[in-house]
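Everything on this sheet refers to the single structure shown next.
For ligands, and for the atoms within them, numbers begin at 1 and follow the listed sequence.
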Amino acid sequence: MAKLTPAAKKKLRARSRLVHLGRDAETSFGFVNIPPFRGSTVLYPDHATLKSRNQRYTYGTHGTPTTEALCEAWTSISGAAGAVLVPSGLAAIIVSFTTALSAGDHLLATDAAYQPARIYCDTILKRMGVETTYYDPAIGAGVEALMRPNTRAVFVEAPGSQSLDMQDVPAIAAVAKARGACVIMDNTWATPLFFSPHAHGVDLAVEAGTKYLSGHSDLLIGLVSANAQWFARVHRTVDALAIPPGPEDVFLALRGLRTMELRLREAERQGLALANWLKARPEVLRVIHPAMEEYPGHAIWRRDFSGSSGLFSIVLKPVSEQSVAAFLDDLQLFGMGYSWGGFESLVVPFDCSKYRTATRWAPGGPCLRFSLGLEDIDDLKEDLDRAFARLSATAG
Ligand SMILES: Cc1ncc(COP(=O)(O)O)c(C=O)c1O
């Protein structure tokens with residue numbers, strides 16, 4: 001078998017890159033997968049090397065062949081200058097904020113941000129002297145009006161958590177960059193396979209690898225990819241914080257990477273099939289799915305994204321909380337629990353009105369978020385059919 005050179009790997013299409021990046025049979029004694037390197041101490045061959053630290057690996061917190069493999073692959077599929085790993089998606093958001101912000105700075109954050117990120121802004125960042133202003137996710141270039149001389153970062157998430165609000169990332173990035181602010185994006189929903197963050201002006205792109213990269217709901221990991229302007233800075237942050245993910249989790253994330261495209265495409269297919277089925281249900285007021293024409297940000301999604309994942313939301317026609325609970329408790333295949341992007345289907349109720357501050361969330365009925373897994377779609381429909389019958393029975 002001829003060796004695939006790094007230059008030839010770079011030319012491969014995304015799906016082939018996911019299979020071939022971050023592994024080299026020559027250094028793995030012929031085995032296909034790189035093992036989970038465990039270790040704190042790395043030995044130096046002599047005093048001069050110890051003193052200069054001039055060798056590839058220096059200490060467990062600064063990287064191993066396993067972490068390097070995942071970083072290399074993620075950098076390539078993100079179109080980034082480099083990537084770093086941390087133990088969770090939330091840690092990746094926090095590392096990005098820590099990289100871009102200092103005491104006295106101002107952060108602009110989307111009102112549809114993942115709620116625990118808001119909690120970090122409103123508590124620890126605030127205590128550290130960084131002020132956060134939340135903005136309407138639909139603001140686009142209008143974000144200019146909110147920029148202050150000390151605005152050092154703009155945080156976007158497209159589509160946003162739970163309500164899935166679309167954002168015009170290139171328009172926001174253009175304004176932020178003109179003012180010298182760092183553009184940080186939570187790109188977990190699309191992954192770099194469906195949205196190329198750095199090509200759209202993002203400086204630091206966060207991925208909760210816990211979701212589609214893992215794909216099996218059995219690990220937590222976060223990644224931050226960076227463009228050339230920001231990579232050295234985010235690398236310094238993680239080096240100083242010394243918060244690497246565990247070796248087994250990195251190993252499992254690399255395993256997930258190999259099949260991520262297939263799982264994501266299937267989640268997209270399943271998601272769209274179920275979203276369309278739900279749209280026709282009499283109990284459903286509205287389906288919120290970026291790939292559906294009636295979705296308010298559909299034109300932007302179509303312009304900037306190359307796919308939709310398996311996460312979408314619906315608004316039910318007004319019913320009591322008791323009826324929603326009866327519906328959820330009756331489901332046999334849809335699990336109820338947080339996180340998403342795994343092989344199994346999930347559903348959770350949500351209410352953004354409890355924490356939004358820049359916009360009013362008034363959807364007109366109870367909301368549910370679905371994450372579609374790999375079960376047979378007809379079994380999933382039958383499960384929902386039964387639960388809807390229960391909902392109607394309790395609604396009287
Ligand atoms: C959009 C988004 N970003 C970040 C996270 C955080 O990821 P983790 O659970 O790995 O901390 C989540 C988790 O649900 C999420 O939905």
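Note on Arg360 versus Asp111: no salt bridge recorded, every NZ/NE/NH1/NH2 to OD/OE distance being 4.0 Å or above. For the pair Arg356 and Asp165, the salt-bridge criterion is met [side-chain N within less than 4.0 Å of a carboxylate O]. The pair Glu268-Arg265 counts as a salt bridge, with a side-chain nitrogen and a carboxylate oxygen less than 4.0 angstrom apart.
Using a 4.0 Å cut-off between heavy atoms, Leu90 contacts ligand 1 through both its backbone and its side chain. Proximity of Trp340 to ligand 1, defined as any heavy-atom pair under 4.0 Å, is confined to the side chain (atoms from C-beta onward). Residue Ser161 touches ligand 1 through its side chain alone, judged by heavy-atom distances below 4.0 Å.
Below 30°, between 30° and 60°, or above 60°: for Phe343 and His216 the angle between ring planes is between 30° and 60°, a tilted geometry.
Taking each of Leu219, Leu220, Asp186, Leu311 in turn, the one with a heavy atom nearest to atom 4 (C) of ligand 1 proves to be Asp186.
Around atom CZ of Arg17, more than 12 heavy atoms belonging to other residues, nucleotides or ligands sit under 6.0 Å away.
The nearest heavy-atom contact from the protein to atom 10 (O) of ligand 1 is Thr210 OG1, 2.5 Å. What sits closest to atom 14 (O) of ligand 1 on the protein, heavy atoms only, is Lys211 NZ, 2.7 Å. Nearest non-hydrogen protein atom to atom 6 (C) of ligand 1 is Tyr114 CE2, 3.3 Å.
With no hydrogens or angles considered, no side-chain donor-acceptor pair links Thr99 and Ser96 at under 3.5 Å.
Below 4.0 Å from some heavy atom of Gly89 lie the following atoms of ligand 1, by number and element: 6 (C), 7 (O), 8 (P), 10 (O), 11 (O). Heavy-atom proximity to Ala208, at under 4.0 Å, picks out these atoms of ligand 1: 4 (C), 5 (C), 7 (O).
In this structure, the ring of Trp340 has its center less than 6.0 angstrom from the ring center of Tyr212.
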